[in-house]
Amino acid sequence: MSTIAAISTPNAAGGIGMIRLSGEEAVAIADRCFKGVSGRSLSSMPGYSAAYGSYTDETGVIDDGVAIIYRAPKSYTGEDVAELCCHGGLFVTQKLLRRVLALGAVPAGPGEFTRRAFMNGKMDLSQAEGVMKVISAQGEAALQAAENTLAGNVSKKIGQVCDSLISAAAALAAWADYPDEDIPAVESGALAQTLNHGISALETLIRNYDAGKCVTEGIPTVLCGKPNVGKSTLMNALSGYEKSIVTAIPGTTRDVVEETVRVGDILLRLADTAGLRSTGDEVERIGVRIAKEKLAAAGLVIAVFDASVPLTEEDESLIALCEGKKALAVLNKCDLPRAEGFDAVKKAFPACVELSAKTDDVPAALRPALETLLGAAGLDFTQEILANERQRRCCEEALSHLRDAAAALRSGITVDAVNVDIDCAVEALLTLTGKRAGEEVVNEVFRSFCVGK
Ligand code: GDP
């Protein structure tokens with residue numbers, strides 16, 4: 001296996017830069033471009049040790065810094081690793097990387113260090129995906145969820161479900177294959193219980209992932225309402241600064257504003273808001289179809305109404321459009337005298353908040369309703385949480401097979417059919433953790449990684 005190298009710190013100027021090498025030749029290559037002040041060679045040093053010195057090429061000193069040595073298997077990748085820390089300049093790190101490549105290392109591909117860690121059994125696929133989640137975490141809860149995936153909690157949970165299914169399948173197969181032997185009959189009650197445990201564990205994982213996504217990734221959100229109800233004011237209150245122009249003349253917001261705003265731990269991804277804000281107009285001008293498409297693509301709709309004036313036809317069509325959606329109604333301008341007739345709004349929406357975007361603390365006012373609506377209230381991110389859509393798909397597939405198995409068992413179909421479904425469920429779960437994932441799945445996982453990780 002070749003020895004790989006990459007700059008592992010960000011591609012930007014900073015206090016420290018680091019070139020990481022991994023593979024059999026890692027320490028030998030590092031040795032050939034490093035001169036320690038103590039005179040000791042890196043090759044003579046044990047794992048987990050560091051030396052201060054200078055990095056050199058044929059022309060002289062490149063920089064000074066600290067080299068850290070890890071010995072296989074006690075390293076991130078499970079191989080010998082050298083981490084060459086230098087000053088964090090763009091040119092100096094490039095120059096040191098070029099030097100180690102000239103000495104025989106090859107450039108690492110995206111995620112190749114983590115891929116080697118996976119290949120060497122240092123972590124499974126779900127943990128590798130946890131690494132990426134830690135890197136991209138944008139808040140406390142997201143980080144907690146990612147750290148707990150990285151720690152292997154998802155793998156552990158999936159492992160438990162798998163183990164119980166495998167032993168149930170084995171007992172079932174033995175019993176079906178050797179009817180004359182003295183093998184105890186598999187009790188269908190116990191088998192049904194195993195299946196139900198699996199089903200409920202997978203359902204919980206999927207439910208928590210879906211609810212947690214509005215925290216870890218953000219939820220695509222549409223902010224809509226007829227002109228002048230206060231959408232821009234609301235948006236500015238959420239983002240904390242004047243981003244779009246607030247004006248008393250209806251329909252003047254036409255700039256494209258894309259924004260992720262935070263309400264408590266929830267991230268609302270408000271995209272293409274200029275277009276979305278004119279939904280009220282579009283209902284009039286272009287018709288209901290386009291507005292419907294926009295709303296259909298959203299994970300959350302925030303429908304804004306002006307509570308100081310009576311409902312209009314436009315408001316009514318917005319109410320109709322939101323039917324069946326995960327939608328929050330905001331009755332805005334509650335600092336002004338109230339108009340009548342908003343009970344219809346309260347009835348039509350699963351959640352409704354009355355506020356003044358002008359005078360209230362908008363995030364605080366929206367938070368409880370959003371948390372309840374999105375199922376994010378009381379989510380425990382120290383519990384196992386799936387890291388991404390791939391893991392969710394694997395769980396969905398396993399779940400669907402387990403439901404089929406349970407149904408087959410209930411209707412008294414042959415145990416063979418039950419066993420086939422259990423096998424398929426196990427297969428999907430082993431793909432999730434990577435124990436039985438094909439090359440393609442592994443490639444897919446690491447494709448999104450950054451170089452140097
Ligand atoms: P948009 O067209 O829906 O984006 O509406 P804007 O945010 O531009 O607001 C239209 C007008 O309503 C502006 O004059 C705002 O200052 C005013 N406005 C917005 N929210 C409130 C509110 O809660 N109370 C009061 N009194 N005025 C508001």
Side-chain angles (χ1 to χ4, degrees), residues 220-264 268-288 290-295 297-298 300-322 325 327-346 348-349 351-370:
T221 304
V222 164
L223 183 67
C224 56
K226 68 184 180 200
N228 224 27
V229 290
K231 297 179 294 299
S232 309
T233 312
L234 198 75
M235 176 81 172
N236 290 336
L238 283 172
S239 56
Y241 59 97
E242 293 275 310
K243 182 125 184 174
S244 49
I245 310 144
V246 180
T247 160
I249 309 160
T252 43
T253 308
R254 286 294 177 269
D255 55 335
V256 174
V257 185
E258 286 194 358
E259 180 103 80
T260 298
V261 297
R262 175 186 291 284
V263 177
L268 303 178
R269 291 203 338 251
L270 289 142
D272 185 18
T273 42
L276 301 172
R277 280 164 204 219
S278 60
T279 298
D281 303 351
E282 276 167 3
V283 171
E284 257 184 357
R285 271 191 290 113
I286 319 170
V288 175
I290 292 181
K292 250 188 185 159
E293 279 170 12
K294 279 187 173 161
L295 262 59
L300 171 73
V301 180
I302 299 181
V304 188
F305 301 90
D306 182 343
S308 68
V309 292
L311 285 178
T312 62
E313 250 178 57
E314 276 173 285
D315 292 321
E316 302 283 359
S317 41
L318 180 58
I319 295 173
L321 278 175
C322 289
K325 296 281 313 171
L328 170 76
V330 172
L331 302 186
N332 189 30
K333 306 197 189 184
C334 283
D335 54 312
L336 301 176
R338 288 286 294 269
E340 296 289 319
F342 283 90
D343 284 349
V345 177
K346 286 186 199 163
F349 285 82
C352 181
V353 174
E354 304 179 23
L355 55 73
S356 163
K358 225 171 178 175
T359 59
D360 285 344
D361 178 344
V362 172
L366 294 183
R367 185 176 172 172
L370 280 177

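One-based numbering, in listed order, for ligands and for the atoms of each. Values below: every heavy atom of this structure, side chains too, minus hydrogens, waters and symmetry copies. Keep in mind that this is a model prediction, so the values were computed, not measured.
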Go through Leu355 and Leu234 one step at a time and tell me if the side-chain contact (heavy atoms from CB on, under 4.5 Å) criterion holds.
CA-CA 10 Å; Leu355 55 73; Leu234 198 75; 3.9 Å; yes

Looking at non-hydrogen atoms alone, which of Lys226, Lys358, Met235, Lys231 comes nearest to atom 27 (N) of ligand 1?
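The nearest heavy atom belongs to Lys358.
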
Among Gly225, Gly230, Ala307, closest by any non-hydrogen atom to atom 5 (O) of ligand 1:
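Minimum heavy-atom distance to atom 5 (O) of ligand 1 goes to Gly230.
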
Is a side-chain donor or acceptor of [X] paired with a backbone partner of [Y] at a separation under 3.5 angstrom?
{"X": "Asp306", "Y": "Ser308", "result": "yes"}
{"X": "Lys346", "Y": "Ala329", "result": "no"}
{"X": "Lys231", "Y": "Leu223", "result": "no"}

In this structure, which one of Ile302, Leu270, Leu268 forms a side-chain contact (heavy atoms from CB on, under 4.5 Å) with Met235?
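So the option named by the test is Leu270.
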
Asp315 vs Lys226, test: salt bridge (charged side-chain N to carboxylate O under 4.0 Å, His left out). Steps then yes/no.
CA-CA 7 Å; Asp315 292 321; Lys226 68 184 180 200; 2.8 Å; yes

May I ask you to list the atoms of ligand 1 that are less than 4.0 angstrom from any heavy atom of [X]?
{"X": "Leu336", "answer": "26 (N)"}
{"X": "Ser356", "answer": "22 (C), 23 (O), 24 (N)"}
{"X": "Asp335", "answer": "22 (C), 23 (O), 24 (N), 25 (C), 26 (N)"}

Any heavy atom of Ala357 closer to ligand 1 than 4.0 angstrom?
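True for this residue.
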
Would you say Cys334 and ligand 1 have an N/O pair spaced under 3.5 Å apart?
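For ligand 1, there is no N or O atom that lies under 3.5 Å from one belonging to Cys334.
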
Any N or O of Pro227 that comes nearer than 3.5 Å to an N or O of ligand 1?
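No; the residue has no nitrogen or oxygen that sits under 3.5 Å from a nitrogen or oxygen of the ligand.
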
Where does Asn332 meet ligand 1, judged by heavy-atom distances below 4.0 Å: at the side chain, the backbone, both, or neither?
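Side chain only.
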
Criterion side-chain contact (heavy atoms from CB on, under 4.5 Å) on Thr233 and Asn332, from CA distance to verdict:
CA-CA 10 Å; Thr233 312; Asn332 189 30; 5.5 Å; no

